[in-house]
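Worksheet for the structure shown next.
None of the values given here were measured: they were computed from a predicted structure. We number each residue from 1, following the sequence as shown.
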Amino acid sequence: MSFTSNIKNEISNIEYGDSEKMAELSAILNIAVKIYDNKFEIYTENISVARRIYKLIKEIYHVEIGMDTSGVNTLRGNKLV
């Protein structure tokens with residue numbers, strides 16, 4: 001596992017207060033989201049980051065959300081979630 005993956009996993013397990021959770025979700029959405037009329041898509045390569053995003057949305061907004069994981073073919077062969 002790479003150093004970056006280790007750091008992402010470690011950060012994903014830290015508990016924060018409500019204002020920090022909102023700031024974290026806002027930063028993630030600012031960087032990695034595509035917004036459509038009735039949905040938004042977030043792309044991440046790390047499953048612990050995807051879990052963290054899911055958890056933050058549920059805790060902050062108290063809504064049920066759907067999650068779709070799929071691989072995206074790229075020239076390098078990386079799988080995106």
Side-chain angles (χ1 to χ4, degrees):
M1 193 176 277
S2 72
F3 176 74
T4 304
S5 294
N6 288 338
I7 296 300
K8 287 178 183 177
N9 290 334
E10 188 175 328
I11 290 173
S12 295
N13 292 322
I14 298 173
E15 288 298 322
Y16 298 106
D18 290 342
S19 61
E20 289 90 357
K21 288 178 185 177
M22 290 180 74
E24 181 181 3
L25 184 60
S26 175
I28 292 168
L29 295 178
N30 190 30
I31 293 170
V33 71
K34 286 185 179 180
I35 300 174
Y36 299 101
D37 290 335
N38 61 349
K39 68 176 183 177
F40 60 92
E41 295 177 352
I42 303 170
Y43 295 96
T44 179
E45 295 179 2
N46 189 299
I47 192 66
S48 65
V49 173
R51 278 191 214 109
R52 179 69 175 186
I53 294 167
Y54 183 81
K55 183 179 173 184
L56 287 172
I57 291 172
K58 286 190 68 130
E59 287 179 359
I60 294 170
Y61 296 106
H62 307 290
V63 295
E64 291 298 320
I65 59 174
M67 189 178 212
D68 179 31
T69 60
S70 59
V72 176
N73 292 330
T74 62
L75 296 175
R76 297 181 298 164
N78 292 340
K79 289 187 179 180
L80 300 175
V81 177

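- In D18, the CG atom is not crowded: 12 or fewer heavy atoms of neighbouring residues, nucleotides or ligands sit closer than 6.0 Å.
- Considering CG of N6 and OG of S48, their distance stands at 10.0 Å, rounded to 0.5 Å.
- Connection of I11 to M22 is not established within any shared hydrophobic cluster, with ILVMFWY side chains joined at heavy-atom distances below 4.5 Å, either directly or through further cluster members.
- Within 6.0 Å of the CD atom in E10, the count of heavy atoms belonging to other residues, nucleotides or ligands does not exceed 12.
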Please list every donor-acceptor pair under 3.5 Å in which a side-chain atom of residues 49-63 meets a protein atom from a residue at least two apart or in another chain.
from: R52; atom 1: NE; to: E24; atom 2: OE1; distance (Å): 3.4
from: R52; atom 1: NE; to: E24; atom 2: OE2; distance (Å): 3.3
from: R52; atom 1: NH1; to: S12; atom 2: O; distance (Å): 3.3
from: R52; atom 1: NH1; to: I14; atom 2: O; distance (Å): 3.0
from: R52; atom 1: NH2; to: I14; atom 2: O; distance (Å): 3.2
from: R52; atom 1: NH2; to: E24; atom 2: OE1; distance (Å): 2.9
from: K55; atom 1: NZ; to: E15; atom 2: OE2; distance (Å): 2.7
from: K58; atom 1: NZ; to: E64; atom 2: OE2; distance (Å): 3.4
from: E59; atom 1: OE1; to: K21; atom 2: NZ; distance (Å): 2.7
from: H62; atom 1: NE2; to: E59; atom 2: O; distance (Å): 3.4

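- Atom CG of N9 is separated from atom CD1 of I47 by 10.5 Å, given to the nearest 0.5 angstrom.
- Note that CG of L29 is 7.5 Å distant from CD1 of I35, once rounded to the nearest 0.5 Å.
- The closest donor-acceptor contact from the side chain of N30 to the backbone of S26 lies at 3.5 Å or more, if one exists at all.
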